[in-house]
Structures are given as structure tokens and as C-alpha cells.
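Presented below is the structure to which this report refers.
Just so we're on the same page: letters track the sequence lines, and every chain starts at 1.
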Number of protein chains: 2
Amino acid sequence: MRNWLLWQSPANNKKTTDGTLPLTNTPKRPLTLRDVSEASGVSEMTVSRVLRNKGDVSAATRQKVQDAAKRLGYVPNKIAGALASQRVNLVAVIIPSLGNMVFPEVLSGISETLEDTGLQPVVGVTDYLPEKEEKVLFEMLSWRPSGVIIAGLEHSEASQAMLQQAGIPVVEIMDTDGEPIDHCVGISHRRAGRKMAEEIIAAGYKRIGFMGTKMPLDHRARKRFEGFTRTLAKAGIEIADQEFYSGGSALAKGREMTAKMLERTPDLDFLYYSNDMIGAGGLLYLLEQGIDVPGKVGLAGFNGVELLDGLPRQLATMDACRRDIGVKAAQIIAALNAGDAVPDGPIVALDPTLAAGDTLRR
Amino acid sequence: MRNWLLWQSPANNKKTTDGTLPLTNTPKRPLTLRDVSEASGVSEMTVSRVLRNKGDVSAATRQKVQDAAKRLGYVPNKIAGALASQRVNLVAVIIPSLGNMVFPEVLSGISETLEDTGLQPVVGVTDYLPEKEEKVLFEMLSWRPSGVIIAGLEHSEASQAMLQQAGIPVVEIMDTDGEPIDHCVGISHRRAGRKMAEEIIAAGYKRIGFMGTKMPLDHRARKRFEGFTRTLAKAGIEIADQEFYSGGSALAKGREMTAKMLERTPDLDFLYYSNDMIGAGGLLYLLEQGIDVPGKVGLAGFNGVELLDGLPRQLATMDACRRDIGVKAAQIIAALNAGDAVPDGPIVALDPTLAAGDTLRR
DNA sequence: TTGAAAGCGCTAACAG
DNA sequence: CTGTTAGCGCTTTCAA
């Protein structure tokens, strides 16, 4: 029920540029096809065809309809259209957060790719909470989207069930360490952790500290940590110190944690950060302290965020292929949706590449 | 048309945890109320009532229905529901970008506030392009949302018309320098620029450089700049140098621009940046060069982003009240939607507060 | 407390 | 090329 009484736009009686008054002063009722039909003297069906560019319509009729639609300011009702056609051009995109640069980049990959497919991404945010993921998923599925792109391979049983029952393409993104419901596109975080460990070992570092987020539900960070420690263990190295934070400015936290850790364990010669932002904080701290980087202490982060370009020194990091993940996932959805075959198998694993920067000696 | 042929979930034949097989192996058709009705032996209408908690239903029937719905994994079809009830619980939120920390914060303010109103924010991104804003707005309005929250007071004529005709609450956010269609919540960017100028003048700086984005369509940045220069002019000061960038890492750009500008105009004693990120880049550069901040050169940015907390020195900035803007805007939409009166007038101007940090001498 | 009938605004399918 | 008819899956309204 809309509150017609309260709804009084102060701009309601503004003149349009050509000096005419707005068309309606009667309580606004959204226009329907019928209104356009009547205004143009063309049947509803034909109006519908014109407005959707579907089927053959004579140029003259088309013109009449378009004029009328424009003049009235008709906005089609997609709800009715979707119900009638059983077709919704929405793609649900479910991600844990918008706060760090990582997901926005995935999103831009998705939306650019979807741009000329007629599909529209719609974003839901879970805050890394499985219950919230469930809620968001349920909510989005109730709009009967044409596909789902969802971060991670770990979902509650209910979420899994919903995704399977939905009968639409599902692409799980960011991670490939696990079994996808349908398709997945991402990187292996275990492998990313391993690769970084190998690099560090090869560079001769021995006393390694780790800093990350206090998030048991961030499965990808966990997998990176696992891959990292296992590879170190194989080389007979154990993490010498570790610390986890939550909340606050990541840059500041990186700074603080680094200070604390170095005080506690002064002989550390390498610091591995679970994300670039805290890594950057650590880097700034070490430089201020006049500590030789990477001579005395080496550093590395994770993600390859653009921010790093502006730092005094280039932090070593690993690119998580965020944009590409978005693009690829969207391509799969688009293909499936068009009835095309998907060239890739169910798992598309991108290769996280190391950027050694200036904080990892070679 | 869904591609049933291609759609073969590899996980389709997975067992559930209790060992049973998934319920359907027939080609998946989304379930309807009727399915639940048949499975529970209760009329569709009553099922509908139970699922919406509407109207009185006996505890026994309610239980039967809920069991059936859960067992089948029924997900209601909001499209049909919305069409029938003429009510959509969506709020369109239209913003220029997700890339910088500013809009995500607004969003979190909005979604938190909307959380317990039954309204769902849906985000559209315009990339600061009026044509895109028009497209996004049209697209979103065609879903007949219950309200619109849209960044900025400047819209194309077509957008203005759509917003007025929509017959739903509209809150324009971020800016208050102009005339809102319905309601607006934000800060006065002219005032923000003026305030900063006053502060700088009071501190005795005289040779002032400005750096910003090359975005004629970022009206808020433009207004800040105007407020800033006008106030300086009144004190007989003219901007001594200015530069605008586009694209790339803001931090890196801030660094580059600062270096270039200081080379070109070495006697500058203050640098005003249109956003914190380039300001941070400039700050890092100056510190590296061993330049006395704020003794020799003072600095200020804009936005009050969290990132600044981790910098070696606290950049002077002005808080843009991003979260509060989101919260307030959502409150207005929610109130209007519930038919409640809105306590505030059409314009809610928040007060941008200065954080002098360590880069602006007092 | 429950059910039956009548649409919501649009499009698929067919007939002219 | 254009129009008619019959729903899409749900909720509103009214009657039982």
C-alpha cells in the first residue's frame, strides 16, 4: 500500500524545460501497456511487441507506439513480464563483503561481461555468515533468477539443497579446492599458500611469522594458511609466530600486529600476511623503523590489490585473478543461459601469479 | 527458456547427510503453492497464509503446511506474489561506483537500517555516467521498487521525470547543494570546501595547490572545489597550482601528482586533495622526501576513510558522514513506506567535521 | 478459521 | 503484420 497522502514531491509542480506542466496531476498510478495501447490506438499485444523488439511490426505502427510510450513515460512492468514469460534476466551474485577491494573487482568483471547478454547481476552480501548466506540465497531465489554466482565452495546444507533444486546454472567462485555443485571458477588457495611458501624457502628465509584475520569462516584464507604451513613443514620449518586480528582499519592493524610480533619474536626474518592491506601496514611500519626490507625481514601479502602500486616499496603478493574470475563466471552463466555448451569442465582453476615486488629477496 | 538439456549438475546424485537421495530426479520444475497444498492437504489459500504469517490459521494446519513446505524445499515465487499484491519489498539504491570505500559504507548504513523493515536494498552502479544512470534507473523502476535512494542531486531530465512519475519515495543522497525531488540527505560540499579553506587560511598557509579527479561529472567534487576556491578568493588567495588525474591507483597517482606539482611549483605550502587516497599518496611521498609536514607543507584530503588510521602520519581530512547518510536515507524510505510521517524536512544536511590530523598545523 | 473466485500486467500461442 | 485468448503463481476479496 503506497502512502499517497504523505507522498508529496516538492518538485511535483516544476515545469519541464519546454514550459509545459507535467502530464498528470492525478494521483500517480504506474502506467500499463493498456495505457500505451489506448494512447497509440494499437493493440496491447502489438505495443508489447514493439517495446520488446520482438516479432515483425510495421515501421509506422512501431513509431506510433514508441512515441506514445515515450510521451507518457511508460516504464514496463517486469514483474508481470517475468511472470508471463517465465523468464527473469537477473543473475544472483552472492559475496561475503563489499568492504575490501577484492569483491568489487569480481563484480566489475561480472557486470561487464553480462552487459551485452541482457542479463543483470544483482548482488547479495553475506558478511561471511552462513545463516546470512542462506537467507540471502533464499530471498534471491524467490525472484527466480536465471543463474547464481556465489563465492566459495562451502555452504550450509540448506543452501546446497536450494542451489541444487533451483534448476538454474550455478557458478561457485574464488575457490577451486573442493567439489562444485555445478561449475566453479577460481584459484586453488592451498596452492597459492604452497607457492608462496616455496618462494620464501627458496629465498632462504627461515624464521617465519604469519598474520591474518580472525575468521574461522573465511575458508579461503584458511586454505591458504594450510597450504603455506604444510609446505613449510615439509621443509622442516614451523611457523615461528602468528597473530590474528578482527575489526578496525586493516592498515593500522597490520602495523600494530607487526610491531607486537617483532617485539615478541625479534628474530623473525619473514612475515606473511593473509591480505595486502595488513601487509602494507606492516611494510610502512618496518620502513619507519628503518628495518632493512627485504634484507633483514622479508614480507608478502595476498591479493594483488591496486593500492600496492602507491606504496614506498612494492609489497610481494599473489594475484588472485579477481577480475578474470568474474569474467569467466559470467561467461559460463551466459553460455548456459543461451543454451550454448560450456567449453570448460566443471572446475576452472586460474593460476595465481606471484609478484615478488621489492619485499622478497631472490 | 531454461536449458534443461545442458543443465546437469555433477552434484545431482550426491547423497544428503542422512543418506537419503534427493527428493526429485525428474527435470526440476520450481515448486508452486499448489505443490505444497497437495502435499499437505490444505488449500492453496491457507498455505499462502501460513507462509506469509498472515491471517489466523490453526496451529495444526500451520504445522502441516510448514512441514510440507520444508520437506519439499519450497521457495515462494516473489514475482507472482508481487504482481498479485502490487507490493515489492525492494529499494533501489543507485550509486556511481563501488570501487572506493565511500559507497560501500553508505550501503552498509542502508542495509543495516533496512534489515528489520522487510525492505531489501538492491544496488545499481552508474560509473558517474548520466546515460548509465538513466538506464539503471529505468531497469530498476521496471521492477516497481518501494523506494529509490540515489546519489546526487543532478540527474538527466529523463531521470528526473522517471523519478517523479514513479510515485514512490525518492531520497537523493550525499549532497544537499540543490533542490531535491522529494527528500535528500547528505552534506553540503560547498560548505565542506569552504570550511577546509577557512581552516587553511587560519593556519596561515598561502601558496595552495589542488589535486583532484578529472571528472566533470563528479558534481560533489566540483562543488567542494568551488566552495574552496571561492573562500580562498575572499581572502585574496588564488590556487597556485592544480592538477587532475583519471584512472590508475589513486595512491600512486597522488604520489606522482605531488612530485610533479612540487617540482613545477616549489614554493607551495599547502596541498588540498579531493580524496583521501591521493592525499595519502602525497603524504607518503613527502615523508619519503624528508619534507617537513606540516611545517613546510600542509596537507588535507577528503572523506575520512578508515585507511588513514594506518598511515605514518594522520592526514587531515573531512568526514563525509557516509554511514549516517545511508542510515538516515533508509529511515526516511522506511518511514514513508510504512505510512509514517517523516520528522525531517525535505533536506537533511549533516555536518562534515574536520579531522585536523597531523598534517595541518594549528 | 478456511475456501473459491477473480484478477495483478504481461506474454505465448495461435488465428486471422 | 496484427489481434484474440488464455494463462503465469500468487494474493485480494468475499463468502462459508
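Checked against side chain to side chain contact (heavy atoms under 4.5 Å, CB included), A:Val327 has the following partners two or more places apart in sequence or in another chain: A:Thr113, A:Gln331. Under the side chain to side chain donor-acceptor pair (under 3.5 Å) criterion, A:Ser108 pairs with A:Arg323, not counting sequence neighbours. Under the salt bridge (charged side-chain N to carboxylate O under 4.0 Å, His left out) criterion, B:Glu134 pairs with no residue, sequence neighbours left out. Residues satisfying the side chain to side chain donor-acceptor pair (under 3.5 Å) criterion with A:Asp35, sequence neighbours excluded, are A:Arg29, A:Thr32. Take A:Pro76 and apply the side chain to side chain contact (heavy atoms under 4.5 Å, CB included) test, not counting sequence neighbours, and it matches A:Tyr74, B:Phe138. In this view, B:Lys64 and B:Val42 satisfy the side chain to side chain contact (heavy atoms under 4.5 Å, CB included) rule, not counting sequence neighbours. The side chain to side chain donor-acceptor pair (under 3.5 Å) check on A:Thr117 picks up nothing, with sequence neighbours excluded.
Using a 4.0 Å cut-off between charged side-chain N and carboxylate O, A:Asp344 and A:Lys328 make a salt bridge.
Rounding to the nearest 0.5 Å places SG of B:Cys184 at 10.5 Å from CD1 of B:Ile173. For the atom pair NZ of B:Lys78 and CG of A:Leu141, the computed distance is 11.5 Å after rounding to the nearest 0.5 Å.
If you take CD of A:Glu44 and P of C:dA12, they are 14 Å apart, rounded to a whole angstrom. Rounded to whole angstrom, the span from the CE atom of A:Met45 across to the P atom of C:dG9 amounts to 17 Å. To the nearest angstrom, C1' of C:dC8 lies 9 Å from CG of A:Asn77. Per the geometry, CG belonging to A:Leu33 stands 10 Å off P belonging to C:dG9, to the nearest Å.
Taking side-chain N and O atoms only, B:Gln86 has no distance below 4.0 Å to OP1 or OP2 of C:dG7. OP1 and OP2 of C:dC8 both lie 4.0 Å or more from every side-chain N or O belonging to A:Arg34. Between A:Arg87 and C:dA12 there is a side-chain N or O to OP1 or OP2 distance below 4.0 Å. The phosphate of C:dT11 (OP1 or OP2) has a side-chain N or O of A:Ser48 nearer than 4.0 angstrom.
Counting 5' to 3', DNA chain D first comes under 4.0 angstrom of a heavy atom of chain A and last does so at the ends given by D:dC1 to D:dG9.
Shown for residues 53-63 of chain B: no residue has heavy atoms falling under 4.0 angstrom of DNA chain D.
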Below 3.5 Å is the cut-off: list the nitrogen or oxygen pairs between protein and nucleotides 14-16 of chain C, distance only.
none

Got a list of side-chain donor-acceptor pairs under 3.5 Å for residues 121-132 of chain A, not counting sequence neighbours?
residue, atom, partner, partner atom, Å
A:Thr126, OG1, A:Tyr128, N, 3.2
A:Asp127, OD2, A:Lys132, NZ, 2.7

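Remark: B:Arg52 CZ is packed, more than 12 non-hydrogen atoms of other residues, nucleotides or ligands lying under 6.0 Å away.
In the model, B:His155 has a side-chain atom that pairs as donor or acceptor with a side-chain atom of B:Glu133 under 3.5 Å.
Between its two ends, the helix from C:dT1-D:dA16 to C:dG16-D:dC1 turns its axis by 30°, counting five pairs per end and rounding to 10 degrees.
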